[in-house]
Amino acid sequence: MPSARSPAEPARIPDPGPFRYPWRPSRAPPMQDHYEPAAIEAAAQRHWEQAGTFRAVEDPARAKYYCLSMFPYPSGRLHMGHVRNYTIGDAISRYMRMQGRNVLQPMGWDAFGLPAENAAIANGVPPARWTYDNISMMRRQLRSLGCGLDWDREVTTCRPEYYRWNQWLFLRMLERGIAYQKTGTVNWDPVDRTVLANEQVIDGRGWRTGALVEKREIPMYYLGITRYAEELLGALAALEGWPERVRTMQANWIGRTEGVTIGFPYELDGRREELRVFTTRADTLFGVTFVAVAAGHPLARHAAASDPALAAFVAECERCSGTEAEQATQDKKGMPTGLTVLHPLSGRALPVWVGNYVLMAYGEGAVMGVPGHDERDFAFAQRYGLPIRQVIDVDARPYASDAWQPWYADHGRCIASGRYDGLGHEAAVQAIAADLEAAGHGGRQVQWRLRDWGISRQRYWGCPIPIIHCAGCGAVPVPDADLPVVLPEELVPDGSGNPLARLHSFVDCACPRCGRPARRETDTMDTFVDSSWYFLRYASAGNDASMVDARVGYWLPVDQYIGGIEHAILHLLYSRFWTKVMRDLGLVALGEPFANLLTQGMVRNAIYFRKPASGRIVYYSPADVLLETDARGTPVGARLKSDGLAVESGGIGTMSKSKQNGVDPQAIIDRYGADTARLFMMFAAPPELSLDWSDEGAEGAFRFLRRLWKVVHVHVTGPDHPPLEPAALDAADRELRRLAHQTLAKVGDDYGRRRTFNTAVAAVMELLNAVGRHAPATPAGHAVVHEALELAVLMLAPLVPHISHALWQALGHERAVVDEPWPAVDALALRQDAVLLVVQVNGKLRGHISVPVDADEALVREAALADLNVRRFVGSLAVRRVVVVRGKLVNVVAG
RNA sequence: GCGCGCGUGACGGAACGGGUAGACGUAGCGGACUUAAAAUCCGCAGCCGCAAGGCGUGAGGGUUCGAGUCCCUCCGCGCGCACCA
């Protein structure tokens, strides 16, 4: 996903000032000679807790940095995706902290949702109990991971003190008409008598009952996100800190299309009506030979009322159209309604068909059929024997209606179109739109793909919608003074409808308007509502008097948001919308909540399975499989450890329960420590790419930390050394020192600008390898090693904070490493006398030359041409040109 | 079908603005240490070749002194999504 490469950190990093030499030749307290992660991780975490290190306090004098990872759904245990997400966020947070920023890194729980109800159905435990238990478990796991989180700002969306503000803002939207009621279609399980989520419908049947799912029209609440379509689309361009890919996806989802709405007049029961369609190809209007409507279109329903065959077809269309994707894959089918409409310009009569490929939700729910120039209409016309008419000419190419050619859909000049003949695409669209408008049959229009956001869910474990239904007054908003409408937490759903609806103490109430007995709304809100503003609440934590307060002005926008690519559309779009609504209500000053976005890749693992003759595939955990390799290490087969028999490889896939290829992060933390888990996650791949789990890789990360520990141990138990004097070093010491500062410059760039933690780790590994090879001959040499080790520990501190905490102490420091500033690069250390240049002849590598760093081009050229191997390859050829790239290479062009 | 990406050793990946392809790690091989194994340390390691050298970044073409990187065509894989009219 390189297009989604992390953007540059736009904020200016303060100048750290001149380089200082902070070392004291003090002896550190005695150091354990073995790396024992459990003990040092507990000690480091205890220190942060006692010092309140990560408690964020607003301070207008300091530049803030709001680093936010998407909060988890409390499903039970942390999975590797969480570990990756929170390690990336923590690394960025700790790095920015070292840069002197006032960092806020909060955490919370997206605690409402369907899995809690499913668990309740399976185990008979109230969703609340299950959810709160999971939260305690996962909070403990997050602490053991060592994330620098401000737990004082924890947000739990299933708590009334949070969701009361969902209700409060919903009422404000209702007052302004942004929230409104209309009917919507839901999946109805006739056996369980309950509404099913899309994911609970499998092949058109209810997941528990297997009953054929029916469609039902029920009243629901909607949020008018389409009013913000223009702004949501337009503002994308300014979100420079977002991956291009996500912006494109959102733009496609919002889907702005310019076209023409065309009304086809008809008479029905003596009344003059118009069938409206939307098209981007108004220039093909004279090629229309039929009009197709969606199964849910009023005309289709009208015709079906008196035609049983059509009624059956309409019912069939409606049954299988669970999702739009599903509808997209089915065979294109249709049926005539027997009705006709008139062409608005030619007056010709056109048949009206019902087509299963026409979407009720987009445009007008009807399309004009132009088989001559639309591939889908062409197939439809061929199947049902409808006329095909050419009305666009492209370079006088011969048109034949027996087979589709791709160029039929190209723009060209109108023919057989009366007075529009000869016009090009744009001119024809203009002219036809103008004439339609003059005739009162339509005109130019902008169409959006985006639809309003239906938030009603017929489910228990969610935020109650604050409405009371009164026989006399209708749907009455709950008065602000009566908020929150508290969700009772002791109910246990059993799969047959919403248990709230059967709880009289919840449902029975008095109408706030007339006082007569009334019924409380039992629908709850879509959980995307909860996650649409939690990032604002972190900045207003604990405020019982208002939804948000002035602290939002300090912390927002989020400087860095980190989460999975699967949220690229819905969550991020809803959050942007919600923020804009709050802005328009005067609650916040900002219009976009997330300045920079990092979408992390999936965590994957190998998949192994057997497919027995009985047919059902059985998956095996990679931990239970032994790989066989040939002499070169190429895998040739795999066997199950338990029975020694072969298993098939299913490649690599996202970790999932169904594929049995998940790895429990807790097991890794228990075995190697949190630092190893974190280091492996950050080293194995750049954050935006998918990451493949590898036991050996985790082992390798652990090995590196153990070696780091050992190198520091050997150093601090070695001879004393004087303070570093950079000016008086021998060549080898100077070289190590140059590498150390070069590495520091690279790692700072990798963390801050590129967000490529994997290459930063590789660079520190190289530095440590060099330190291991370096045999200091003098006390001054030990001072250089000391500096290199200190820099290594500081550089690794954002990634592996626990071992860094311990090693920093061992190197003789009283202040905790977490409070240290990011070290400054010593420009003097980077200075080199000579530089090695690559020499090519005709673009091929033929040698290297060493030249003074300030050598001019003539000197470099001369040195290159003097090189023996260069002379050998140039031979008798004439040197036509010598390209010199300063500090890099010389290319001798000969021929 | 459309849109957006991505194809580099056995594997994960590196190569940042067109300038030494394969950093770093994993797996592998050889050696040291050990009664032995593990751990650790040292070394080898893209392919062909004794070497000199040649060939190599999915395939083919182009631009350039120079292409993994830019452009075109094709193939494969992944993700997203609309039969969007």
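Side chains included, hydrogens not; waters and symmetry mates left out as well; all remaining heavy atoms used. Each chain gets a letter, A, B and so on, in the order its sequence line appears, and its residues count up from 1.
Against the 90° criterion about 0, the sugar-base torsion of B/rG58 places it in the anti range.
The ring pair (Phe, Tyr, Trp, His ring centres under 6.0 Å) search around A/F704 returns none, not counting sequence neighbours.
Projected onto RNA chain B by closest heavy-atom contact, A/L691 and A/L889 fall at different nucleotides, the more 5' of which corresponds to A/L691. Each of A/D750 and A/K844 was assigned the nucleotide of RNA chain B with the nearest heavy atom; the assignment lying further toward the 5' end belongs to A/D750.
Residue A/V883 places its side chain closer to B/rC65 than to any other of B/rU20, B/rC65, B/rC81. Between B/rC16, B/rA14, B/rC24, one nucleotide has an atom nearer to the side chain of A/N758 than all others, and that is B/rA14. Residue A/N769 places its side chain closer to B/rG25 than to any other of B/rA85, B/rG25, B/rC16. Comparing B/rG53, B/rC24, B/rU26 by their nearest atom to the side chain of A/A762 picks out B/rC24. Here the nucleotide nearest the side chain of A/V358, chosen from B/rC79, B/rA85, B/rG19, is B/rA85. If you check B/rG53, B/rC4, B/rG19 against the side chain of A/T248, the one that comes closest is B/rC4. Nearest to the side chain of A/R706, among B/rC16, B/rC4, B/rA39, sits B/rA39. Checked against B/rC16, B/rG3, B/rC65, the side chain of A/R754 finds its nearest nucleotide in B/rC16. Listed nucleotides: B/rC83, B/rG12, B/rA85. Nearest to the side chain of A/F683: B/rG12. Residue A/R703 has its side chain nearest to B/rU40 when only B/rU40, B/rC65, B/rG3 are considered.
On the P atoms, B/rA45 is 11 Å away from B/rA23, given to the nearest whole Å. Look at the C1' atom in both B/rU8 and B/rA67: the space between them is 14 Å, to the nearest Å. Using atom P as the reference point in both B/rC2 and B/rG49, the two lie 46 Å apart (nearest Å). As rounded to the nearest Å, B/rG31 and B/rG19 have P atoms that lie 42 Å from one another. If you take atom C1' in B/rA38 and the same atom in B/rA32, they sit 16 Å apart, rounded to whole Å. Comparing the same atom, P, in B/rC47 and in B/rG56 gives a spacing of 16 Å after rounding to whole Å. Between B/rA21 and B/rA85, the distance separating the two P atoms is 48 Å to the nearest Å. Taking atom C1' on both B/rC77 and B/rA59, the two are 15 Å apart, rounded to the nearest angstrom.
For the pair A/H343 (side chain) and A/L285 (backbone), a donor-acceptor distance under 3.5 Å is present.
Side-chain polar atoms of A/R880 and A/N842 form no donor-acceptor pair below 3.5 angstrom. Side-chain polar atoms of A/H713 and A/D33 form no donor-acceptor pair below 3.5 angstrom. For the residue pair A/E375/A/Y408, the side-chain donor-acceptor check at 3.5 Å is not satisfied.
Here A/R872 reaches the OP1 or OP2 of B/rG53: one of its side-chain N or O atoms lies under 4.0 Å away.
Of the nucleotides present, none pairs with B/rG66 by Watson-Crick or G-U wobble criteria with both distances under 3.5 Å. Across all strands shown, B/rU35 forms no Watson-Crick or G-U wobble pair with both key distances under 3.5 Å. The base-pairing partner of B/rG22, taking Watson-Crick or G-U wobble contacts with both distances under 3.5 Å, does not exist among the strands shown. Checking B/rG46 for Watson-Crick or G-U wobble geometry (two distances, each under 3.5 Å) identifies B/rC55 as its partner. When Watson-Crick and G-U wobble pairs are counted only if both distances are under 3.5 Å, B/rG76 pairs with B/rC6. For B/rG1, the paired base is B/rC81 (Watson-Crick or G-U wobble, both distances below 3.5 Å).
Between A/K333 and A/Y384 there is a side-chain heavy-atom pair separated by less than 4.5 Å.
Residue-level contact check: A/G700 touches the backbone only, with heavy atoms under 4.0 Å from sugar-phosphate atoms and none from bases. Residue-level contact check: A/Q840 touches the bases, meaning some heavy atom is under 4.0 Å from a base atom. Base contact: A/V367 has a heavy atom under 4.0 Å from a base atom. The residue A/R281 sits close only to the backbone: its heavy atoms come under 4.0 Å of sugar-phosphate atoms, none of a base. A/R846 comes within 4.0 angstrom of the backbone, heavy atoms only, and of no base. Here A/F873 lies in heavy-atom contact (under 4.0 Å) with sugar-phosphate atoms only.
Spacing between atom CG of A/L708 and atom P of B/rG25 amounts to 13 Å, rounded to whole angstrom units. If you take CG of A/N356 and P of B/rA85, they are 18 Å apart, rounded to a whole angstrom. In this structure, CG of A/D692 is placed 16 Å from P of B/rA27, rounded to the nearest angstrom. The CZ-P distance, from A/R256 to B/rA85, rounds to 13 Å in whole Å. What separates CG of A/L679 from C1' of B/rC24 is a distance of 12 Å, to the nearest Å. Atom pair A/N869:CG and B/rA52:C1' shows a separation of 10 Å (rounding to whole Å applied). The nearest whole Å value for the distance from the CD1 atom in A/I569 to the P atom in B/rG3 is 16 Å. One can place CD of A/E375 at 12 Å from C1' of B/rC2, the figure rounded to the nearest angstrom.
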Discussion item. One pair to check against side chain to side chain contact (heavy atoms under 4.5 Å, CB included): A/M795 and A/L744. What are the steps and the verdict?
Written reply: CA-CA 7 Å; A/M795 286 188 271; A/L744 176 59; 3.9 Å; yes

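Evaluation of atom-type donor-acceptor distances gives no pair under 3.5 Å for the side chain of A/R880 against the base of B/rC65.
Under the 6.0 Å cut-off for aromatic ring centres, A/Y357 and A/F380 qualify, their centroids lying closer than that. Ring centroid separation for the pair A/F683 and A/F757 does not come in under the 6.0 Å cut-off.
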